[in-house]
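Report on the following structure.
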There are 2 protein chains.
Amino acid sequence: MTLQNKYQHLFCRRLKQARLRKDLSQKQLGIAAGIDEFVASTRINRYEKGIHEVNLETAGKLAEVLGVPLAYFYAESDGLAQLILDYAHSQIDK
Amino acid sequence: MTLQNKYQHLFCRRLKQARLRKDLSQKQLGIAAGIDEFVASTRINRYEKGIHEVNLETAGKLAEVLGVPLAYFYAESDGLAQLILDYAHSQIDK
DNA sequence: CCACTAAGACCCTCTTAGCGA
DNA sequence: TCGCTAAGAGGGTCTTAGTGG
């Protein structure tokens, strides 16, 4: 594994950025997403470093905890990523 | 596995729709994405039925073959999915 | 506390070999 | 040809146990 392609790299970067925006530690994020507290830190670290890939279920929970649409993690350009965030915020106001 | 959560279900639906829009068979899509021709049909079928999850590398190739941003597969609402497609098309015109 | 890692058990995916429409 | 599936082989992920900042 280990960051073989651009999407993997983008996922890691966006996950980390979203986590820091919420001011959470890797362990806190994992626990909030329903991961056992004894492995939360390890697993989130693995995901952020691009060593392991998240499964869709966990990715969905992470997105919810971090307050971003799941698609945000997979946006290839920063322009699209911002568009997705703006869309999410506009939906909240509705 | 087997469609445990809403994101899995959405991924399957969006993948199938995008494939049919391009008028490709499951086998053709797999081969175009670089999968060995002897397993292409089986693997794409697995992904569309939600039995197996795609890895990020394969998902990226599928998105490229189908002419959609990777994030499209993960959009939770149809509104966001359309927004992502529109964004991709506007980038082409530039 | 924090981020991060090695190693093996575990379990999901991939391949093989088929099915009926 | 198409979509689809069972079962075992194979390999990536998860857990355990731990390091250093």
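- Residues A/V68 and A/I84 form no side-chain contact, since every pair of their non-hydrogen atoms from C-beta on lies 4.5 Å or further apart.
- Distance CZ (A/F38) to P (C/dC1): 11 Å, rounded to an integer number of Å.
- If you take CD1 of A/I51 and P of C/dA6, they are 8 Å apart, rounded to a whole angstrom.
- Atom CG of A/D23 has 12 or fewer heavy atoms from other residues, nucleotides or ligands within 6.0 Å.
- When rounded to the nearest whole Å, the span between CZ of B/R19 and C1' of D/dC2 equals 10 Å.
- Side-chain N/O atoms of B/N45 and B/Q26 include a donor and acceptor closer than 3.5 Å.
- When the nucleotides D/dT5, C/dT13, D/dT16 are ranked by their closest atom to the side chain of A/V39, D/dT16 comes out on top.
- In this model, no donor atom of one side chain and acceptor atom of the other lie less than 3.5 Å apart for A/Q82 and A/D78.
- In this model, the phosphate group of C/dT15 is approached by a side-chain N or O of B/R43 to a distance below 4.0 Å at OP1 or OP2.
- Rounded to whole Å, the distance from OH on A/Y47 to P on D/dC14 is 4 Å.
- Taking atom CG on A/D23 and atom C1' on C/dC2, their separation rounds to 13 Å, with Å as the unit.
- Only one option out of B/R13, B/R43, B/R19 pairs with B/E48 in a salt bridge (Lys or Arg N to Asp or Glu O under 4.0 Å); it is B/R19.
- Both A/D36 and A/S41 sit near DNA chain D, but only A/D36 has its closest nucleotide nearer the 5' end.
- With C/dC2, D/dA17, D/dC2 as the choices, the nucleotide that has an atom nearest any side-chain atom of B/Q28 turns out to be D/dC2.
- If you measure from atom CD1 of A/I44 to atom P of C/dA3, you get 11 Å, rounded to the nearest angstrom.
- Straight-line distance from the CD atom of A/E48 to the C1' atom of C/dA3: 9 Å, rounded to whole Å.
- The B/H52 side chain lies nearest to C/dT13 when the options are C/dA3, C/dT13, D/dA6.
- Here the nucleotide nearest the side chain of B/T42, chosen from C/dA17, C/dA3, D/dT15, is C/dA17.
- Listed candidates were C/dC14, D/dC14, D/dT5. Nearest to the side chain of B/N55 is C/dC14.
- Rounded to an integer number of Å, the gap from CD of A/Q26 to P of C/dA3 is 5 Å.
- Within the structure, every side-chain polar atom (N or O) of B/K27 is placed at least 4.0 Å from both OP1 and OP2 of D/dG3.
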